[in-house]
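Sequence positions, counted from 1, serve as the residue numbers for this chain. Counting starts at 1 for both ligands and their atoms, in listed order.
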Amino acid sequence: MVTEDQVRIDYINDPELQRRDIRLGMLRLDLLHPVISGNKWFKLKENIKAARDQGHTVVLTFGGAWSNHLVATAAAARAAGLQAIGIVRGLHADTATSDTLQQCRDLGMQLQTVSREAYNRKEDAAYLEQLGLQFGRPYIIPEGGNNEAGMRGAGTIAGLLPGDTTLVTLAIGTGTTFCGIRQNLAQSCAMLGFPVMKGGDYLQGEIAARLPRCANWQLEARYHFGGFARHNPELITFINDFYRQYHIPLDFVYTAKMMWGLLELAGNKELPAHSHIIAIHTGGLQGNRSIKDQLCFSLPG
Ligand SMILES: *Cc1c(COP(=O)(O)O)cnc(C)c1O
């Protein structure tokens with residue numbers, strides 16, 4: 001199923017980086033599996049294990065019409081012999097037509113579309129209790145795999161990084177992956193996170209609260225391109241150029257924004273010379289289905 005030894009590091013050979021003695025590699029978590037890709041696998045694996053250990057036969061989780069997490073959960077649950085329920089944020093134009101949701105159904109996930117108001121209660125105890133009764137006491141995984149087990153699983157990504165890494169960068173949604181890695185990485189190695197939603201600076205306090213004993217991390221919130229899943233023609237051109245040059249496919253929601261930001265910082269000499277930087281390719285390529293006609297490469301799987 002998912003074998004973590006598929007993961008490798010690809011180095012970006014850029015003359016400007018080489019001149020400043022910066023080695024920049026991408027940790028290719030996108031290669032894990034075509035559907036259960038990237039960081040979603042790491043956040044799910046401990047949750048799936050907990051669900052089984054606690055004797056559950058059903059897992060329930062939440063997501064939007066193009067959610068990487070929803071489809072990864074559908075595939076991981078199926079592989080583990082668990083039933084999966086997906087609560088989908090509704091009243092979204094794509095809910096009826098999304099290829100991601102169709103794939104969830106094809107993987108056997110039962111979907112229930114709910115109103116935005118109901119969806120916004122996804123962390124309320126009373127709402128979860130009601131869903132629990134409705135769906136036969138499932139193991140509930142929060143949206144994006146954002147819980148303790150998710151963070152613990154994400155922490156194991158740290159073990160895939162070379163020992164002489166000086167800076168680790170990744171895109172941030174909930175921050176679960178970032179926090180999990182920070183907790184498991186040597187304090188001497190710096191971390192830089194790129195929130196992909198508008199106003200991502202609010203995550204500063206949230207992440208600090210989750211990392212009481214960790215230092216040496218920073219957020220760079222300027223590269224949101226207008227907001228979560230927003231994009232412009234320049235970003236699409238960047239994704240296509242990056243693929244032609246390095247043969248690495250990026251997704252437009254997360255990894256492309258991070259790489260754009262990282263290369264811009266490098267160009268402005270805002271990254272330390274004589275360093276070994278690992279940018280984490282957190283996967284998410286299935287999300288490119290919503291813009292597939294604009295890309296020069298095909299989707300995995
Ligand atoms: C979900 C996702 C992220 C964000 O992960 P968090 O743990 O929520 O911060 C980053 N990259 C990709 C490709 C994702 O699918």
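- The nearest pair of heavy atoms linking T61 to E143 is OG1-N, 4.4 Å.
- Between the side chain of H33 and the backbone N or O of V35, at least one donor-acceptor pair lies under 3.5 Å.
- A salt bridge links K45 with E4; the closest basic N to acidic carboxylate O contact falls under 4.0 Å.
- Protein residues with any heavy atom under 4.0 Å from ligand 1: N39, K40, K43, N68, A171, I172, G173, T174, G175, T176, T177, Y254, T282, G283, G284.
- Under the side chain to side chain contact (heavy atoms under 4.5 Å, CB included) criterion, K292 pairs with D99, L299, not counting sequence neighbours.
- Distance check: I48 CD1 to T73 OG1 gives 7.0 Å after rounding to the nearest 0.5 Å.
- For the pair E117 and R89, the salt-bridge criterion is not met [side-chain N within less than 4.0 Å of a carboxylate O].
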